[in-house]
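Quick note: residue numbers are just sequence positions, from 1.
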Amino acid sequence: MPVTTLDPRTALVVIDLQKGVLAAPGRPYSAADVLARTVRLAEAFRARDLPVVLVRVTAAAEGSDAVPGRTDLSRPGRAWPDGWDEIADDLAGHPRDIVVTKRNWSAFYGTDLDLHLRRRGVTQIVLTGVATSIGVESTARAAHEHGYHVTLATDAMTDLDPEAHRHSVEKIFPRLGETGTTADILDLLAAFAAS
């Protein structure tokens, strides 16, 4: 179902658009395209005095806060380069933006994201970011479970695996909210401002 409306208190929630994540190749959209579309959305939200939440993922260098548990896919230890977890320069530096730091896939688990949104009266979120099937999908699921209306800007997100992106967009997201393009959401913001 296409995006039908935006609530008066809608927040843009941007998942992991940070230097280290953006250095990876995105598919089906390039990281540069996802960043550019998200910047357009962030500017439109800020212009309407709507919250912009920049979520970044980080981890302790020695791995002490790594997510525990056995999985079929091993997670090798990493030495993260300096600055890998810094928000992309094109998005950073706006004093009213909310920055949330996570150490898991979902931006809700173990963070104060829900508190920030509820204190601002937010009832709906628009999601963008990387990776579609991991951080974005996990956050969309949690937002749905927390009772938020969820809108997913499907051309302002990407994945390492285009099939994983497609599966999330076509099979999972329609169960969690409404999907649309950056242009669809910008059109709704413009209509909202004109009314």
Side-chain angles (χ1 to χ4, degrees), residues 3 6-24 26 31-61 65 80-131 135-136 138-140 142-143 146-153 155-158 180-195:
V3 181
L6 295 176
D7 294 352
R9 291 305 296 167
T10 298
L12 177 67
V13 179
V14 178
I15 304 298
D16 301 345
L17 291 189
Q18 59 195 61
K19 294 176 181 177
V21 173
L22 289 168
D33 287 344
V34 167
L35 179 59
R37 290 180 185 123
T38 299
V39 166
R40 287 179 56 212
L41 286 166
E43 289 169 350
F45 271 73
R46 291 178 191 123
R48 287 157 182 83
D49 200 29
L50 293 172
V52 173
V53 181
L54 305 174
V55 179
R56 69 185 196 104
V57 64
T58 196
D65 57 358
W80 299 104
D82 286 341
W84 77 273
D85 57 355
E86 293 175 8
I87 300 291
D89 291 339
D90 292 352
L91 286 168
H94 298 272
R96 290 188 335 212
D97 288 355
I98 302 157
V99 176
V100 171
T101 300
K102 67 183 177 89
R103 288 173 167 74
N104 298 284
W105 289 359
S106 170
F108 282 92
Y109 184 79
T111 74
D112 56 358
L113 175 59
D114 186 53
L115 180 64
H116 280 295
L117 297 175
R118 294 202 188 278
R119 285 190 174 168
R120 289 161 177 82
V122 170
T123 56
Q124 181 174 4
I125 66 168
V126 172
L127 277 168
T128 72
V130 178
V136 177
S138 296
T139 301
H146 279 76
Y148 292 99
H149 298 291
V150 179
T151 299
L152 299 122
D155 64 345
M157 59 183 69
T158 197
T181 65
T182 299
D184 294 335
I185 296 162
L186 290 171
D187 287 346
L188 284 173
L189 282 169
F192 177 74
S195 61

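- Taking Arg9 as the reference, nothing meets the side chain to side chain donor-acceptor pair (under 3.5 Å) condition, with sequence neighbours excluded.
- Counting heavy atoms from C-beta outward, Leu91 and Gln18 have side chains that stay 4.5 Å or more apart.
- No side-chain heavy atom of Thr128 sits under 4.5 Å from any side-chain heavy atom of Ile15.
- The structure places CG of Leu127 at 12.0 Å from OH of Tyr148, a figure rounded to the nearest 0.5 Å.
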Side chain to side chain contact (heavy atoms under 4.5 Å, CB included) between His94 and Val52, intermediate numbers included: CA-CA 9 Å; His94 298 272; Val52 173; over 6 Å; no
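- For the pair His116 and Val100, the minimum side-chain heavy-atom distance is below 4.5 Å.
- Between Leu189 and Arg48, some side-chain heavy-atom pair lies under the 4.5 Å cut-off.
- The nearest pair of heavy atoms linking Ile98 to Pro51 is CD1-CB, 4.4 Å.
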Steps toward side chain to side chain contact (heavy atoms under 4.5 Å, CB included) verdict (Leu41, Leu186): CA-CA 7 Å; Leu41 286 166; Leu186 290 171; 3.9 Å; yes
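- To the nearest 0.5 Å, atom OG1 of residue Thr38 and atom CD of residue Glu43 are 11.0 Å apart.
- Nearest approach of Gly26 to Thr158, heavy atoms of both residues: C-OG1, 3.5 Å.
- In this view, Ala88 and Leu22, Leu35 satisfy the side chain to side chain contact (heavy atoms under 4.5 Å, CB included) rule, not counting sequence neighbours.
- For the pair Arg46 and Arg96, the tightest heavy-atom approach, listed with the atom from each and the gap, is O-NH2, 3.4 Å.
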Worked verdict on Phe45 versus Val126 for side chain to side chain contact (heavy atoms under 4.5 Å, CB included): CA-CA 10 Å; Phe45 271 73; Val126 172; 3.9 Å; yes
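- Closest of all the heavy-atom pairs between Ala140 and Val150 is O-CG2, 4.1 Å.
- Counting only residues at least two apart or on different chains, the salt bridge (Lys or Arg N to Asp or Glu O under 4.0 Å) pairs with a member in residues 12-22 are Asp16-Lys102, Lys19-Glu86, Lys19-Asp89.
- Applying the salt bridge (Lys or Arg N to Asp or Glu O under 4.0 Å) definition to pairs two or more places apart or across chains, those involving residues 116-128 are Asp114-Arg118.
- Side chains of Thr101 and Thr111 form no contact here, defined as non-hydrogen atoms less than 4.5 Å apart.
- Annotation for Leu6 and Ile185: closest pair CD1-O, 4.1 Å, computed over non-hydrogen atoms.
- Remark: Arg40 engages no residue in a salt bridge (charged side-chain N to carboxylate O under 4.0 Å, His left out) (not counting sequence neighbours).
- Residues Pro8 and Leu50 share a closest heavy-atom pair of O-CD2, 3.4 Å.
- A heavy-atom distance below 4.5 Å is found between the side chains of Thr58 and Trp84.
- No hydrogens or angles considered: nothing links the side chains of Asp155 and Thr181 as a donor-acceptor pair under 3.5 Å.
- Thr123 places none of its side-chain heavy atoms less than 4.5 Å from the side chain of Thr10.
- Taking CG from Asp97 and CG from Leu54, the interatomic distance works out to 4.5 Å, rounded to the nearest 0.5 Å.
- Taking the side chain to side chain contact (heavy atoms under 4.5 Å, CB included) definition, one finds that Ser106 meets it with Phe108, Tyr109, Ser138, Thr139, Ala142, sequence neighbours left out.
- The main-chain N or O of Asp85 is found under 3.5 Å from a side-chain atom of Arg56 such that the two form a donor-acceptor pair.
- When side chains are defined from C-beta on, Val130 counts as touching Leu17, because their heavy atoms get closer than 4.5 Å.
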